[in-house]
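Basis for what follows: all heavy atoms, side chains included, without hydrogens, waters or symmetry-related copies. Indexing begins at 1, ligand by ligand and atom by atom, following the structure's order.
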Amino acid sequence: MKKVLITGSNGFLGQKVVDLLAPNDNYEIVAISKSPNRNPNQGHYVFNQVDLLDREALNNFLSTHTFDVIVHTAAMTSVEACEADKVACQLINVDLVQVLATYCEKNQAQLVHLSTDFVFDGKKGTPYNEEDSANPQSEYGKSKYASEQVLQHSNCHFAILRTILVYGVNADPNRSNLVLWAKGKLSQNEPIKVVNDQWRMPTFVDDLARACQLAIERKAQGLFHISGAELMSIKEAVDKVADYWKLDSTLISEISAASIGQADNRPRQTGFDLNKSKNELGYVPTSFIESLAVIDRQFKAFGR
Ligand SMILES: NC(=O)c1ccc[n+]([C@@H]2O[C@H](COP(=O)([O-])OP(=O)(O)OC[C@H]3O[C@@H](n4cnc5c(N)ncnc54)[C@H](OP(=O)(O)O)[C@@H]3O)[C@@H](O)[C@H]2O)c1
């Protein structure tokens with residue numbers, strides 16, 4: 001049995017990873033987050049409320065456990081928040097990773113770390129592979145790339161999973177994402193404005209949680225690209241949402257990234273070459289349409 005620490009367990013991905021691994025007898029799960037536990041599923045794992053920036057509290061916590069794996073999902077994930085508070089962004093997204101890497105080095109633990117497509121400038125035109133050079137444009141992207149460098153220069157056993165525009169649904173309704181936002185607004189007959197000049201390969205959160213599990217099971221080491229396999233504009237993704245749930249697509253209007261100040265700090269086009277993750281992790285992405293069907297079933301199961 002592996003003892004696994006999941007940081008940011010209240011977060012979008014964190015909750016999914018807890019829900020996926022906690023019922024599995026191969027894992028003993030300890031979950032930590034800054035706020036009280038918001039995951040309605042509170043079974044088969046232990047939750048601790050820990051502010052990861054409180055170094056004393058973190059050290060006390062880590063000194064009382066010996067983890068085999070840390071899945072580190074906690075981060076400052078808002079591009080705007082990182083621009084507004086660069087100091088906090090550095091502390092959470094970079095310095096904290098150094099602390100966890102040092103722990104993992106000392107305890108021969110594996111660190112599964114999450115990073116982003118925003119390490120790229122979006123100018124390549126074809127899917128990025130793990131060998132492509134980074135050129136982050138935002139404070140968020142720079143901080144996540146710096147966190148990757150911390151691990152690349154450490155002696156810890158790490159797997160970095162870079163991912164793109166994550167969507168899906170949890171039992172906890174607190175955290176929205178592109179699919180839930182579009183479905184929610186259109187279901188209430190509210191008009192929405194959607195960017196038509198940014199392209200992504202959106203990632204189903206269930207696939208990303210599964211990739212974290214695969215990284216643990218395969219004792220993965222190095223950098224991996226994890227996303228969906230279909231490149232689409234944000235507008236095309238929202239059109240598919242409207243189409244799937246038979247919502248009024250005339251409520252959708254198109255805008256440019258520049259018109260909402262996103263042209264400079266978000267890459268124009270990102271998508272990932274998934275060959276390494278497929279071959280080395282056994283990663284299999286769900287198609288976008290199939291994932292909407294899963295989300296529909298999960299919505300009903302969560303009573304939402
Ligand atoms: N979502 C995406 O589209 C996307 C895309 C690319 C990469 N990623 C990466 O994937 C990872 C997970 O993203 P996500 O969307 O699941 O993030 P999220 O929903 O924003 O969750 C992050 C969690 O981190 C926790 N956290 C932040 N500061 C903390 C602190 N000082 N101490 C303890 N916990 C703290 C928060 O906990 P509380 O809620 O308890 O305060 C929050 O729930 C991140 O590394 C992100 O950079 C995400």
- Using a distance-only test with no angle check, is there a side-chain donor-acceptor pair under 3.5 angstrom linking D172 and N174? yes
- Message: Before we go on, tell me: are the rings of Y128 and F272 under 6.0 Å apart, centre to centre?
- Response: no
- Query: Charged N to carboxylate O under 4.0 angstrom, D206 versus R210?
  - Reply: no
- Query: Side chains of Q198 and Q262: donor-acceptor distance under 3.5 Å anywhere?
  - Reply: yes
- Output the set of protein residues with a heavy-atom contact under 4.0 Å to ligand 1, ordered first by chain identifier and then by residue number. G8, N10, G11, F12, L13, S33, K34, S35, R38, V50, D51, L52, L53, T73, A74, A75, T77, L114, S115, T116, Y140, K144, T163, L165, V166, R175
- Can a salt bridge be assigned to the pair E148 and R162 using a cut-off of 4.0 Å between side-chain N and carboxylate O? yes
- Item | Pair Y145 and F120, ring centroids less than 6.0 Å apart | no
